[in-house]
Protein chains: 2
Amino acid sequence: MATENWQHYDFSMKKEPRQARSRASVQAMVEACARILEERGYAGLTTNAVAEVAGVSIGSLYEYFPGKEAIVARLCGALLADVSSTLNARLELTDSREDVHRAMRHLIGALHGLVRQHRKLLRVLIFQVPFIQQLPSAQKLQLELLRVAEKGLQKSRQHYRLSVSPSTLYLMATSTAGSLLHLVLMAPPGLETEVVLDDLAARMADWLEKG
Amino acid sequence: MATENWQHYDFSMKKEPRQARSRASVQAMVEACARILEERGYAGLTTNAVAEVAGVSIGSLYEYFPGKEAIVARLCGALLADVSSTLNARLELTDSREDVHRAMRHLIGALHGLVRQHRKLLRVLIFQVPFIQQLPSAQKLQLELLRVAEKGLQKSRQHYRLSVSPSTLYLMATSTAGSLLHLVLMAPPGLETEVVLDDLAARMADWLEKG
DNA sequence: GTTTAATCTGAGTATATACTCGGAAAAACT
DNA sequence: AGTTTTTCCGAGTATATACTCAGATTAAAC
């Protein structure tokens with residue numbers, strides 16, 4: 001595209017696959033997209049390459065996706081669903097009698113695990129894909145983080161009387177997640193990150209408790 | 001380039017401009033590069049566009065730069081020099097009688113100012129330029145951060161006996177800078193970030209004091 | 001003033017990538 | 001079986017971008 005303003009770009013698919021065969025094709029394209037992003041970076045992601053790696057023709061690709069951006073969008077959607085469900089599953093396990101410190105360590109631990117698992121792909125998505133912030137799924141993720149934090153707060157019985165303003169909560173969640181992301185994605189391999197994780201959790205908890 | 005492995009790519013210039021005229025041209029190209037990155041993003045950065053905005057011909061551009069990557073590299077070099085000198089100037093002002101908390105607030109404040117100043121450009125550089133991490137200047141910056149942190153520690157008289165391991169110091173600096181970057185670059189405008197900055201500074205200081 | 005080096009020019013070439021389209025093949029429907 | 005819908009195909013086209021080169025222009029050197 002000549003223009004680089006992704007603000008109002010439509011990332012949706014041309015059409016949904018209806019039969020099992022085409023669903024498999026689309027799935028293969030999305031997986032090929034992930035593999036290529038990991039191995040060659042965003043600049044190496046071409047529609048032709050996706051089709052080739054997925055084992056389908058270029059024509060089939062354009063049957064469902066209007067361009068490579070839409071493939072990335074669908075990949076991000078799937079990734080977000082993973083994050084969301086993992087986070088919520090972790091939340092279910094949170095006992096309402098737990099203190100905030102414990103709950104935070106668990107939540108941050110879960111997030112950490114996810115980031116580590118998709119380390120390579122996340123690095124490319126975050127640091128190379130120009131429209132990543134405009135993706136509906138990325139924007140949903142921010143709200144989801146907020147929702148999880150709020151729900152977590154309410155579950156910790158002895159603390160749910162605390163009145164933390166949404167904007168403050170958002171700031172904390174953003175800064176904490178940002179810290180964690182940068183830590184895992186940018187730190188040289190072999191560095192022990194657990195200490196920092198504990199510190200992050202403690203900091204979040206302190207913040208919540210002291211207002 | 002077909003390959004997307006920037007590990008051993010040569011980002012240096014073809015030749016240095018010798019006369020005043022050509023120095024001005026190169027300068028204009030670098031500034032054009034910055035403007036285009038801010039206005040159109042990395043995908044909008046083409047050699048032709050740089051030449052046009054800079055007011056020189058495409059031929060002149062290739063006289064000095066082997067490709068657009070080299071222009072970005074030179075831009076980053078200049079930016080780093082700015083960061084480095086600002087940080088060191090701030091360090092000069094640090095009184096050796098100051099406590100760690102105060103010193104940290106100053107340093108982080110200076111860093112914050114820089115990031116705010118180049119907010120738009122930094123966002124593109126960090127989130128869109130695929131080879132940014134491989135740039136010599138980016139790698140120098142990490143060492144520079146470490147050096148500043150170490151020097152700052154030594155300057156705070158009452159604390160320079162503390163033995164903080166280099167790897168720990170690196171972790172803290174990375175995580176703190178990462179937090180700050182994400183905060184300034186990703187937070188929605190209008191959000192009051194000062195609170196978080198103070199918290200970051202306090203956290204760094206506490207960490208240093210308590211080992 | 002002559003020579004040499006540096007700088008600039010921009011039409012032109014090569015290449016890579018996005019995307020189309022007419023039609024074949026397979027599946028679903030009746 | 002016949003009909004309709006869905007899926008797949010891939011050579012071919014359009015376009016954008018990187019990069020070259022032969023020669024003009026300007027500045028420095030002597």
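We use all heavy atoms of the structure for the numbers below, so side chains are in, but hydrogens, waters and symmetry mates are not. The chains referred to below are lettered A, B, ... by the order of the sequence lines, with proteins before strands, and numbering in each begins at 1. Here the structure is a predicted model, which is why all the values come from computation and not from measurement.
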Using whole Å, report how far [atom1] of [X] lies from [atom2] of [N].
X	N	atom1	atom2	result
A:Glu52	D:dA11	CD	P	12 Å
A:Arg40	C:dT17	CZ	C1'	14 Å
A:Tyr62	D:dG12	OH	P	18 Å
B:Met29	D:dA18	CE	P	15 Å
A:Lys68	C:dA16	NZ	C1'	11 Å

Under the salt bridge (Lys or Arg N to Asp or Glu O under 4.0 Å) test, which residues partner [X], sequence neighbours left out?
X	answer
B:Arg102	B:Glu98
B:Glu52	none
B:Arg23	none
B:Glu92	none

Contact class for B:Phe65 vs. all strands (heavy atom < 4.0 Å): base, sugar-phosphate, or nothing?
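Counting heavy atoms under 4.0 Å across all strands, no contact is made by B:Phe65.
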
Please output the side-chain donor-acceptor pairs of residues 121-135 of chain B that fall under 3.5 Å, not counting sequence neighbours, one pair per line with the distance.
unit_1, atom_1, unit_2, atom_2, d
B:Arg123, NH1, B:Leu185, O, 2.7
B:Gln128, OE1, B:Tyr42, N, 2.8

B:Tyr64: what forms a ring-ring contact (aromatic ring centres under 6.0 Å, His included) with it, not counting sequence neighbours?
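For B:Tyr64, no residue satisfies ring-ring contact (aromatic ring centres under 6.0 Å, His included) once neighbours in sequence are set aside.
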
Can you sort out which residues in residues 13-27 of chain A have a heavy atom within less than 4.0 Å of DNA chain D? Ascending by number, please.
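Contacts with DNA chain D under 4.0 Å: A:Lys15, A:Pro17, A:Arg18, A:Gln19, A:Arg21, A:Ser22, A:Ser25.
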
Selection residues 53-68 of chain B - residue pairs positive for salt bridge (Lys or Arg N to Asp or Glu O under 4.0 Å), sequence neighbours left out
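Matches after skipping sequence neighbours: B:Lys15-B:Glu63.
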
Hey, does the side chain of B:Tyr64 come within less than 4.0 Å of C:dA6's phosphate (OP1/OP2), counting only N and O?
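Answer is no, no contact under 4.0 Å.
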
Side-chain N or O of B:Thr46 less than 4.0 angstrom from OP1 or OP2 on D:dT17?
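Looking at the OP1 and OP2 atoms of D:dT17, neither is under 4.0 Å from any side-chain N or O of B:Thr46.
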
Using a strict cut-off of less than 4.0 Å between a Lys/Arg side-chain nitrogen and an Asp/Glu carboxylate oxygen, indicate whether B:Glu31 and B:Arg35 qualify as a salt bridge.
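Looking at B:Glu31 and B:Arg35, the cut-off is not met.
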
Any ion pair linking B:Arg147 and B:Glu150 (charged N to carboxylate O, less than 4.0 Å)?
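Salt bridge absent between B:Glu150 and B:Arg147.
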
Identify the pairs formed between an N or O of the protein and an N or O of nucleotides 9-14 of chain C at a distance under 3.5 Å, and give each distance.
unit_1, atom_1, unit_2, atom_2, d
C:dT9, OP2, B:Ser57, N, 3.0
C:dT9, OP2, B:Ser60, OG, 3.4
C:dG10, N7, B:Gly59, N, 3.4

